Amino acid sequence: MDRFKLVLQYFQSNSESISNGICIILSLISVKLYTSFDFNCPCLPQYNKMYALGVMFVPPVILFFLGILVNRHTGVSMEEWVRPIGRRTKNPAVVKFLLSAVIQRSLLAPMVWILMTLLDGKCLICAFSMNVNPKYFTGIPNSTSLELMKILAKVSCKEDVVFKNSSYRKAVSRYVRCYSQAIGWSILLIFIFLGAVARIMKPCFNYPTFLQTRYWSNYLDVEQKLFDETCVLHARDFARKCVMQYFESMREDESLRLPLTYAIRPGQFQNVMEEEDDRLHGITRQDQVDQLLENWFECKPELDVTRMAYKPRVCITWEDNEGKALFSDV
């Protein structure tokens with residue numbers, strides 16, 4: 001149970017871990033779908049190859065696009081690619097890094113499906129049983145090439161009457177399955193070898209640039225996440241204020257005019273008002289919100305945190321008993 005909690009915490013730690021978890025889930029789904037899939041070869045020369053190759057490659061294409069769809073980095077990378085330069089320059093290396101990570105993770109589930117089909121061998125037996133050389137097998141009836149092709153196309157249909165009291169069907173099946181498994185294990189070995197080489201050689205090729213690219217790719221992901229969270233908080237405050245104005249049951253005063261004899265220091269009153277501030281930061285109308293969001297996309301702020309962000313404050317005007325303004329706490 002503790003190990004399961006550690007694994008769950010790892011996948012909840014950041015977006016990259018979440019993406020890895022989604023890829024693993026899609027891979028497990030592809031394995032489950034293949035094991036529960038009832039493969040029925042049509043056993044017809046003109047349809048065998050089409051059906052078998054369709055089963056082998058159509059589901060991986062679906063899983064690939066599904067992996068791209070559920071990956072959060074897809075939207076982040078495309079938004080960074082299409083946005084105007086504005087105040088912040090665009091780094092093509094960061095976009096390429098994000099797209100490469102998306103494609104790599106999206107290819108995991110399709111590769112699992114293809115390897116499962118190759119190691120199982122049913123698809124290749126259905127697709128290529130009629131392409132084997134009959135002279136390597138004993139017991140095949142002497143027939144014309146067309147009839148022989150029809151017979152070999154039925155190798156996947158072991159219950160067919162043409163294979164009654166014959167052993168060549170199993171021989172052809174084993175022959176094609178051996179080729180299929182050899183291809184599957186070879187592809188798996190090649191991918192593992194390439195992954196190991198890439199892992200070992202990565203620090204040898206401009207590793208500081210790789211660290212910079214990875215840092216700014218993580219920054220874009222975190223910035224987008226924080227922006228979404230801030231938009232939710234701002235929208236909540238905006239909606240709360242609109243509802244309060246609609247019901248007119250609560251007083252909303254933008255400026256407060258107090259008599260001079262009010263027994264509270266201006267600084268203390270400022271602290272009280274800050275606790276009740278709805279933090280809309282001057283954005284109080286729909287056109288202002290639309291302009292703010294448009295400016296965020298077209299002219300993102302430059303990456304400089306040395307300047308302090310503007311913090312609005314309440315302006316208090318002090319009056320005498322006749323309502324004449326004496327001075328303001330500015």
Side-chain angles (χ1 to χ4, degrees), residues 12-20 22 68-105 206-245 252 254-255 267 270-271 273-316 329-330:
Q12 292 177 343
S13 59
N14 52 51
S15 296
E16 185 175 357
S17 302
I18 293 174
S19 300
N20 293 334
I22 292 174
I68 292 178
L69 180 64
V70 300
N71 197 316
R72 174 182 170 82
H73 290 166
T74 304
V76 176
S77 59
M78 294 307 299
E79 180 180 342
E80 180 66 15
W81 177 261
V82 302
R83 73 169 178 85
I85 294 179
R87 298 179 186 175
R88 186 191 302 178
T89 58
K90 293 194 290 187
N91 189 352
V94 176
V95 179
K96 292 178 182 178
F97 181 85
L98 289 172
L99 289 177
S100 175
V102 170
I103 292 175
Q104 289 176 14
R105 292 187 176 96
N206 204 358
Y207 196 65
T209 302
F210 169 76
L211 290 178
Q212 294 171 0
T213 304
R214 185 171 182 177
Y215 174 87
W216 290 116
S217 65
N218 290 331
Y219 170 84
L220 289 177
D221 181 45
V222 174
E223 182 187 57
Q224 183 63 40
K225 187 184 299 183
L226 290 176
F227 180 77
D228 294 338
E229 294 175 357
T230 306
C231 284
V232 172
L233 295 176
H234 191 278
R236 183 176 298 171
D237 289 337
F238 191 88
R240 181 177 64 85
K241 190 167 184 178
C242 289
V243 172
M244 290 164 61
Q245 290 176 349
E252 291 280 331
E254 291 290 332
S255 62
Q270 178 73 21
N271 295 332
M273 294 300 297
E274 285 181 353
E275 294 180 358
E276 299 180 357
D277 186 14
D278 58 3
R279 302 188 185 279
L280 289 181
H281 302 297
I283 309 299
T284 56
R285 295 197 309 272
Q286 181 179 358
D287 56 345
Q288 292 177 329
V289 176
D290 294 340
Q291 184 65 32
L292 177 70
L293 298 176
E294 184 178 353
N295 290 338
W296 171 262
F297 176 74
E298 295 183 352
C299 192
K300 285 192 176 183
E302 58 181 328
L303 301 177
D304 183 5
V305 294
T306 58
R307 294 174 301 175
M308 294 295 294
Y310 172 74
K311 185 177 181 180
R313 58 191 300 268
V314 178
C315 179
I316 305 176
D329 180 23
V330 179

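Computed from a predicted structure; not experimentally measured.
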Check your understanding: Of all residues at least two apart in sequence or in a different chain, which pass the side chain to side chain contact (heavy atoms under 4.5 Å, CB included) check with Val70?
Key -> Ile22, Leu26, Leu66
Check your understanding: Do the side chain of Lys300 and the main chain of Gly86 share a donor and acceptor less than 3.5 angstrom apart?
Key -> no
Revision key, fill the gap. Scanning both residues in full, the closest heavy-atom pair of Ile68 with Thr74 reads O-OG1, 2.9 Å
Check your understanding: Residues in ring pair (Phe, Tyr, Trp, His ring centres under 6.0 Å) with Tyr207, at least two apart?
Key -> Phe210
Practice item. Measure the CZ-CD distance between Phe238 and Gln288 for me, rounded to the nearest 0.5 Å. Key: 8.5 Å
Study note, to complete from the structure: Val94 meets the side chain to side chain contact (heavy atoms under 4.5 Å, CB included) criterion, sequence neighbours left out, with Asn91, Leu98, Thr213, Trp216, Ser217, Leu220
**Study point:** With Trp296 via ring pair (Phe, Tyr, Trp, His ring centres under 6.0 Å) - residues at least two apart
**Key:** Phe227
Revision key, fill the gap. Sorted by chain and residue number, the side chain to side chain contact (heavy atoms under 4.5 Å, CB included) partners of Asp290 (sequence neighbours excluded) come out as Gln286
Point to revise | Any residue meeting side-chain hydrogen bond (donor to acceptor under 3.5 Å, both in side chains) with Glu79, in chain and number order, not counting sequence neighbours | key: none
Review point. Is any side-chain heavy atom of Asp237 closer than 4.5 Å to a side-chain heavy atom of Lys241?
Key: no
Exercise for review: Would you please name every residue forming a side-chain hydrogen bond (donor to acceptor under 3.5 Å, both in side chains) with Glu223, sequence neighbours left out?
Suggested key: Arg88, Tyr219
Study note, to complete from the structure: Here the gap from Ser77 atom OG to Glu80 atom CD, rounded to the nearest 0.5 Å, amounts to 9.5 Å
Check your understanding: Got a sec, which residues hit side chain to side chain contact (heavy atoms under 4.5 Å, CB included) with Lys96, two or more places apart in sequence or on another chain?
Key -> none
Practice item. Rounded to the nearest 0.5 Å, what's the gap from CG on Leu99 to NE2 on His73? Could you check? Key: 11.5 Å
Review point. Does any non-hydrogen side-chain atom of Arg72 lie less than 4.5 Å from one of Asp221?
Key: yes
Point to revise | Which residues share a side-chain hydrogen bond (donor to acceptor under 3.5 Å, both in side chains) with Thr89, sequence neighbours left out | key: none
Review point. Looking at residues at least two apart in the chain, or sitting in another chain, which of them share a salt bridge (charged side-chain N to carboxylate O under 4.0 Å, His left out) with Arg236?
Key: none
Review point. At their closest point, which heavy atom of Leu293 faces which heavy atom of Cys231, and how far apart are they?
Key: CD2-SG, 4.2 Å
**Study point:** For Asp287, side-chain hydrogen bond (donor to acceptor under 3.5 Å, both in side chains) partners two or more places apart
**Key:** Arg285
Practice item. Check the surroundings of atom CG in Leu226: do more than 12 heavy atoms from other residues, nucleotides or ligands lie under 6.0 Å from it? Key: yes
